[in-house]
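The block underneath contains the structure these notes are about, expressed in structure tokens.
All of these numbers come straight from a predicted model, not from anything done at the bench. In what follows, every chain begins at residue 1, and chains take the letters A, B, ... in the order their sequences are listed.
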Amino acid sequence: MNRRQTADLLDRLEELYPQARCALCYRNPWELLVATILSAQCTDDRVNRVTPALFAAFPGPEAMARAGQDEVEALIRSTGFFRNKARNLIARARVIVEEYGGEVPARLDELVRLPGVGRKTANVVLGNAFGIPGMVVDTHVKRLSRRFGWTKSQDPDRIEKDLCRLFPADRWVQTGHILITHGRAVCKAPMPLCGACPVSDLCPRLGVVKSR
DNA sequence: ATCCCGAGGG
DNA sequence: CCCTCTGGAT
């Protein structure tokens, strides 16, 4: 799929999913950071079910830094990986309090140094809480990128670079959201709903692009 | 059984 | 590249 076909596809997906945005409930960078790490291997609606109680119990990094491991675990148990997540939430809060004066850093290199924060989470926070362009590569973006032929790699870091080269920076954030939205609704992991796909005419999987 | 808007470690 | 961590929905 060439650059022009890709741009056409993005235009149409953006038209189809005009409301595509971050699915996590949050009111500030700290809450978004917490909600995003909880969303690892867990659906966003399940995250949104536990965050109100979590944010009420630990409103900011200072409170979280003083939290007990089992106290946090109890609140986030249903999101899976709760031991790792609880440990990282507390450790991360301490780093934010001690090294960043209680403010979530707005830089990629500083965010990824926080415990439990990888490039995916960092780019979600940068794009949605700080308005800094970042290409989010989650399982959906990864899958669609391969299906549309935008990358041959399986490595998320490599895919991120490929997509950043393919798209202009001012579309990175929205591209992530619309790919995720389309991936969840139509272009699903085990069984894509190709018969009901609104952009199947642009899909290399069906061999239609080549014949145009 | 398989997957979910992942990260860390080998 | 591989593996593990975890619960819940389908």
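Put simply, chain A comes within 4.0 Å of DNA chain C, heavy atom to any atom, from C/dC1 to C/dG8, going 5' to 3'. Scanning DNA chain B 5' to 3' for nucleotides with an atom closer than 4.0 angstrom to a non-hydrogen atom of chain A gives a first and last hit of B/dC3 to B/dG8.
For the pair A/Val199 and A/Leu16, the minimum side-chain heavy-atom distance is below 4.5 Å. Between A/Leu111 and A/Val104, some side-chain heavy-atom pair lies under the 4.5 Å cut-off.
For the segment residues 66-92 of chain A, residues with any heavy atom less than 4.0 angstrom from an atom of DNA chain B are, sorted by number, A/Phe81. Interface residues of residues 150-180 of chain A facing DNA chain B, ordered by number: A/Ile180; criterion, heavy-atom separation under 4.0 Å. Of the residues in residues 122-144 of chain A, those with a non-hydrogen atom less than 4.0 angstrom from any atom of DNA chain B are A/Asp138, A/Thr139, A/His140, A/Arg143.
Under a 4.0 Å N-O distance rule, the pair A/Glu31/A/Arg27 qualifies as a salt bridge. A salt bridge does not link A/Asp8 with A/Arg3: none of the charged nitrogens is closer than 4.0 Å to a carboxylate oxygen. Ion pair A/Lys161/A/Asp157 not flagged as a salt bridge, since none of the NZ, NE, NH1 or NH2 atoms sits closer than 4.0 Å to an Asp/Glu carboxylate oxygen. Contact check on A/Asp11 versus A/Arg171 returns a salt bridge, with a Lys/Arg side-chain nitrogen under 4.0 Å from an Asp/Glu carboxylate oxygen. With respect to the salt-bridge test (charged N to carboxylate O, under 4.0 angstrom), the residues A/Arg12 and A/Asp201 qualify. A salt bridge does not link A/Glu73 to A/Arg83: none of the charged nitrogens lies less than 4.0 Å from a carboxylate oxygen.
When the shell of 6.0 Å around CD of A/Glu15 is examined, it contains 12 or fewer heavy atoms from other residues, nucleotides or ligands. Around atom CD of A/Glu103, no more than 12 heavy atoms belonging to other residues, nucleotides or ligands sit under 6.0 Å away.
Shown here are the ring pair (Phe, Tyr, Trp, His ring centres under 6.0 Å) partners of A/Phe55, two or more places apart in sequence or in another chain: there are none.
Using a 30° and 60° split on the angle between ring planes, A/Phe167 and A/Trp150 fall in the perpendicular class, above 60°.
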